[in-house]
Each structure stands twice: as C-alpha cells, then as structure tokens.
Protein chains: 4
Amino acid sequence: MSQGRDRGGRPRSEPARAAVLWAVDDLLAKVGYAAMTMKGIAELAGVSRMTVYRWWSTKAEILFEASALDAEEELTVPPDDDPFEDVTRYLEALHYFLTRSHAGAAYRALLGEAQHDPAVAALLAGRDILGDTARAVVSRVAPDADHDRATALLIGPMFFWILSGRDPARIDPADLARTFLAQISPDSRVDG
Amino acid sequence: MSQGRDRGGRPRSEPARAAVLWAVDDLLAKVGYAAMTMKGIAELAGVSRMTVYRWWSTKAEILFEASALDAEEELTVPPDDDPFEDVTRYLEALHYFLTRSHAGAAYRALLGEAQHDPAVAALLAGRDILGDTARAVVSRVAPDADHDRATALLIGPMFFWILSGRDPARIDPADLARTFLAQISPDSRVDG
Amino acid sequence: MSQGRDRGGRPRSEPARAAVLWAVDDLLAKVGYAAMTMKGIAELAGVSRMTVYRWWSTKAEILFEASALDAEEELTVPPDDDPFEDVTRYLEALHYFLTRSHAGAAYRALLGEAQHDPAVAALLAGRDILGDTARAVVSRVAPDADHDRATALLIGPMFFWILSGRDPARIDPADLARTFLAQISPDSRVDG
Amino acid sequence: MSQGRDRGGRPRSEPARAAVLWAVDDLLAKVGYAAMTMKGIAELAGVSRMTVYRWWSTKAEILFEASALDAEEELTVPPDDDPFEDVTRYLEALHYFLTRSHAGAAYRALLGEAQHDPAVAALLAGRDILGDTARAVVSRVAPDADHDRATALLIGPMFFWILSGRDPARIDPADLARTFLAQISPDSRVDG
DNA sequence: TACTAATCGAGACGGTACGTCCCGTCTTTGG
DNA sequence: CCAAAGACGGGACGTACCGTCTCGATTAGTA
C-alpha cells in the first residue's frame, strides 16, 4: 500500500512535519499572515529552513495543510430534521468559522492571497471547503435545487458581510436561514 | 477660499503624482499585486523612491487612490423605472467589475490584503465602494427595506461566487436580481 | 573698500553666517565630524539648507573657517628670552591644541579627511597653521637653522604620538623641547 | 590542533573573502577612500552585499585586513651592522610606505578616519604597525633607550612632514637618521 | 556488520526589496 | 538678490527574507 519507493535512506521526520504545522498555526495567530515567513516558521518549529522547503513550497501550502482538516470539521454540522434548524446551525458554524475560528483565520488569509496569487487560488480550488460543506446542507434541505446557485445564496450574504469588514454582530444566522429557505423553495420564485 | 496657504516651499509635483498612480495601475495588470513593489512603482513612474514614500506609505494606499474613483463610477448605474432592470444592470456592472475591470482587479487585491492586514482593512472601511453603490440601488427599488440586510443579499451571492474562485460564467445576474427582488418585497417575507 | 559689486539685492545675512559657524563647532563637539552633515548644520543653525550651500561647498570648508582663527591664536606663544622656555611653551600649547582644544579637534578632523580627500588637503595647504606658528618659534630660537627641517623636528614627535592614538600623558613637552634644541644646535650634529 | 570544530553549516567561501579584499584594494586606488562604499566593494568583488556585512562591519575593517600584512612587510627592514644604514633603510622604507605604497595609502586613509572615528582608532590601536616596526629598529641600534620616546623621535618628523601635506621630496631619510642617532646615543643627551 | 542513500541541523551564498538618510538642486513665496 | 521652506532625483545605508547550496552527522533498510 505504501506509495513512493523508499529504497533505503533516512525516512521523513514526522516530528519535524508536526512541528512545522504547529508553528505555522501559532505564527498566524501571533504575528498574522503577512508577517509570517518561511524563516520564522522554521525557527519557531526548531527545524532547518531546508527541511521546510523540502516538503512545502510556500507558506500558503503549509497553512492550507495545517488548517484544511480543522476547517472541514468545523463546518460540518449534524443533520437536523428541521430544515430551518439545519441551515441555521450551518450558518452559525460559518459565522463562527469566519470570525472567531483559528482555521477560519487561515482560510481568510489564504482566500485573500488567492485574489492576487494564482498559485494560492489553485491550491484552494483543489479542495472546496466552503462549497463542499454547504452542498451537504443543501442536499439535505433542498435536494432538487440547483446546488451551485443554492450554495451561493446560502453562503454569499454572510461571506460578503464579514470579508468586506462589516460588523459581524449585525448579521443574524437565523434571519439568513429563513431568507435562504424562502429563496430556494420554488413557490417563492417570481417569474420574469 | 483654500485653507492651508502655501507658505514657501516647492509645490508638490503633479506630474510625479500622476506618474505614480499610472504606474501602479500598469504594474497591477502586468505583474500582479504580489510582485508589485514600491521600488518597481518608483522606477516605472520615473520618480525617486523617496517621493513615493513622501506621499504614500504602502502600495495598497497608492492602488486605492488610483482605483477608487474608477470603481465608484463603474458601479454606479443609471436609475431605471423597472426595478428588475435596475437591479439586473447593477449586478451586471458588479459582475463586470469583479471579473474584467481594471479597477475591480485593484479592489480584489486590496480586499484580499485586508483579510490579513488591518491597515488595508481600515483603508477600505474608509470608503465603502460596494456598499455605497449597492445602497443606492436598494433605496430605489426597496426604500423601506433594511438597507444593510438588503445589501448583503444583493451583493453576497455574486461576491462569494467570484471571490471564491468559481467560474464567473456560471452565475446569472438576471436570476440573482429576480431572487433578490422576490426576497426583499415585504409580502414575500416568511415570518418567524 | 567693499569688494564684490553689491549691485542691489538683499545683502548677505551676517546672523546666518555666524549661526552656521557656531553650529558647525557645536556639532563637531556633540556628534563628531563623521556624523556631521550639511543638513544637520543648517537645521541647528536655524538656516535654510540652500543658504549654507550658497556660501560653502562642504562641511570641511565651514569647519575650517570656523576654527582657523582660534587655532592660530592658540598656537601663538609670547616670545621668551630663554629658548628652552620658549620651545617648551610652544610644545605645551601644541599638546593642549591636539588633545583638548576645540579648534584642535577641528584640525585633527580636517587633517584626517585630507588624507583621502584632495579638496580638503588643498584647503589645509592654503593656510599652514602648524607650520606658520612653529616657524615663528624656530626663527626666534634658531634663526640660522633650516626652518623646514627644524619644523619637522619640533612638531613631528608629538604630532605622531598623538595622531597615532598613543596616550598623550606619556609624552613630555619639556623633554621634547630639550631634545629639539640639542638637535638643531650645530655642535650636536654627528657627521656621516 | 585547530580549535573551533566546524559543527555543521556551509563553510565560509575563501574565494569570496579574497575577492572582497582584492576589491577594496582596487577601489582605494581607483576612486579613493571617501568614494569607496560597501555597495561598491560588494559589486566589484562580485559578491552579495550581505556576505560583506557578514564578515566585516565597515570599509575600514576590510581595508585594514587587506593591507596590514603588506604594511608590516614593507616596513620590516633587514638588520644592518651599521646603525646609520639600519636606520636610514628604515626611514627610506617609511618614506616609500607613506608616499608611494599601496598599503601605505590604506594606512593613511585609516589613520585619517581614526581622527574622527573611535572605532577605526580602536582598530588601529589593536595592531601598531608603525610602532612595532620602529621598535624593532630601535632595539637594534639603541637597546637601552626609552623605546617609546625613541619611536616618536624616529618616526615623528617624517610622519608629520608627509601627513601634513608637505612635499615629500624635501625630506631626507639619511639626514633624519643622522639626527636621530645623535639624539638617542646616551652621551649626546643634554641633561636637565 | 558494513554499506547505501536520503534526511536532518546548520549556516553561508547571491539576490532583491525594504524604509531611511543625506546629497545637491530646484522652485515656490516673501522680505 | 537673498532667505526659508520644502519637494525633487539620486544613491548608499544596514536589515530582512528569499530560495539555493554545501557541509557534517544521523538513521533507517539492504547486502
């Protein structure tokens, strides 16, 4: 099952890998994404700079590896029989994720970088965390809807509100959930 | 009427100012935001590096000054008696702005930077281009609605779709306009 | 008697000139020659930078103008009938000049600069402060000696001792005076 | 026998070190000490600026390292049974050193800088090239004399003559040697 | 029990942008 | 014509991080 040839040689140091992932997370919180450097990560991890470059190309890659799992977990809500509750729980999780979560801070930093760095954009496109988790909710509460359109309607308002720097307290997950459910129920459609 | 009389000293060079603003715009298109440097801007503008630093602190400030006016203009649509047309025109302008416009590329770069640079966030907060132009539309088609909530619903889906790197062709301004109008008309509200 | 045409126009500001000369002296003591800049001089003098450049080309020129008179005065000793006393008084003045005097610090700085700046070397060559004052002593105590050779023998040892950074306390003007007088009296010459 | 074991790390590049020392020497001759810059040295040596700063703090340090050995060699004269010849050869070497030698030009530049830069003064104090070489001569021709005093008498006159910018042709090593020997022989001393 | 081969740390290397400082000049207003 | 003010192009400063490159020292699996 093991991939890669492994013909002799010293195996990759797992402690080093873990230390780097931990360090990148720690630095994001302490100094912010912009001030985070490959050099700083290596030093905080107590690892040679060469070792970092051997396994990752950019700080974005490290940060993504360090936070993707957490992000997916935080945005996965247990199914609820009541669609309104289901959607509300998801939007509450999204609100927490975008404003208070550690993994969410990493996501915002990466999405910000993706606006002007195609490599980071490609990295994020490879694993659509927000889209996947939203689609899971959509397929439960509106299995027949256009999933892409529904995802945009579900995530969009809160995403815009928070990423454009508005006061997170002034947006209400329950209200958005109600609006979303009204929007995707066919009878509420206004025909052109 | 002008305050702050020019008490001595050589006046600021308008050609230099214009050259810097032009250079920053040119560089954004040619090399991208990340590869844009204060040094590069100064050299392309044919201006001393000191002169750039004298008037702006960061490339973000220059870029903002260079693009804010254009952005506001591009997102201002003429009123239309038909609300659907009015909103659709705005969303079309927004779509163009976020995907193809020069000023929009600047906005995306700045908003990206704002995710991990409080100074840039403050800069953008000072002039809410998207919010202001959206509010203008909202106050025409739904003067009684909560403007903040309506703005989020209007802009959010397209904003999310494009900034999260999805295919811009797969989102339809007219459809979003219809959905938006259905939602903000009081009679379509679902009461809690 | 006034030289220069003086055809109208505002006359040179004497307060400004004095302020610059004072400032250059003050700065030499406070920050040292190397850290002294034209900008700093102008600011301390409360004078426009342009005004400094209008009348002097370099800080060396200003410093020379500010200290030459004082230097000449400090190194001029009153004649004494006893040659030993005469020479000793001169060497004591020279010792004080090179180690403790304000004007002497300026001289050392300029002579240092002259080692690698021909312009400063030319400036110093224009007014031979040490040579002139030493020659005055020599012409009193040994009017028939070769004045150049005598000057070198008189000044050289102390000049070398102090400028090469040795402890000034370990050199004795009286001893040097005695040695000098022995050297320049013909009967002490050892024929080759 | 070598202490300081090489515990990891790429070893210092000897070619880089040599290139810098060569460059500093070349620049001193070509553009002079004042116009010599760390940037210029690095560029001429084909070496990164950081590499220069890693090993030296100032151009003075580099110049000192580049010229001290040569200086010591140039000022070391072979012993001669005839004291007059011995001293004359030394003074001739000193004359050449101060007026025509490459290493001597470096020494003059450094001694000049030392007049207003304590760091350079300390640098020169650490290796007393003139003093050491002169003391070697003194201990041969006048082992019983006060070496410090004798050094000042030996070097001083020529040192002053040349560093104060006088015509080097008008000073005669043989004459100075004769005068010096007459002075330091105990029997020629004038008692106080 | 060696040998092999990739990893690890350490740290120097050339390169480049940073933001600051001073240079000497120029261009205003105002005495 | 001079002076103060202050912006201008130029260029060196010393620092930081980039990504690459030797090094010696480890640390498995393989022979």
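Here is the naming used below: chain letters follow the sequence lines, and residue numbers restart at 1 for every chain. For the numbers below, each heavy atom of this structure counts, side chains included, while hydrogens, waters and symmetry mates do not. Everything numeric in this text was worked out from a predicted model, so none of it was measured.
- Nearest heavy-atom pair across B:Val24 and B:Leu21 is CG1-O, 3.2 Å.
- Residues from residues 19-33 of chain B with heavy atoms under 4.0 angstrom of DNA chain E: there are none.
- When A:Asp26, A:Leu27, A:Ile62, A:Leu44 are each tested for a side-chain contact (heavy atoms from CB on, under 4.5 Å) with A:Met36, only one passes: A:Leu27.
- In this structure, B:Glu61 atom CD and E:dG19 atom P are separated by 11 Å, rounded to whole Å.
- Between B:Ala34 and B:Lys59, the shortest heavy-atom distance links the atoms O-NZ, 3.6 Å.
- Residues D:Glu61 and D:Trp56 come closest through the heavy atom pair OE1-CA, 3.6 Å.
- Taking every heavy atom of both residues into account, D:Ala71 and D:Ala103 meet most closely at N-CB, 3.8 Å.
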For this session: Tell me, with the steps shown, if C:Glu65 and C:Arg17 meet salt bridge (Lys or Arg N to Asp or Glu O under 4.0 Å).
Result: CA-CA 11 Å; C:Glu65 181 170 340; C:Arg17 176 179 170 275; 2.9 Å; yes
Seminar exercise, completed: A correct 5'-to-3' footprint of nucleotides 7-14 of chain F, with B, S and - meaning base, sugar-phosphate only and no protein heavy atom under 4.0 Å, is BBBB-BBB
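- Residue D:Val31 comes nearest to D:Ala35 through the heavy atom pair O-CB, 3.5 Å, listed as atom of the first residue, atom of the second, then distance.
- When the C1' atoms of four end pairs are superposed on the next four at each end of the helix from E:dT1-F:dA31 to E:dG31-F:dC1, using five pairs per end, the two resulting axes differ in direction by 10°, to 10°.
- In this structure, a donor-acceptor pair under 3.5 Å is absent between the side chains of D:Asp70 and D:His102.
- Note on D:Glu113 versus D:Arg108: no salt bridge recorded, every NZ/NE/NH1/NH2 to OD/OE distance being 4.0 Å or above.
- The two residues A:Ile41 and A:Val20 come nearest to each other via the heavy atoms CG2-CG1, 4.0 Å.
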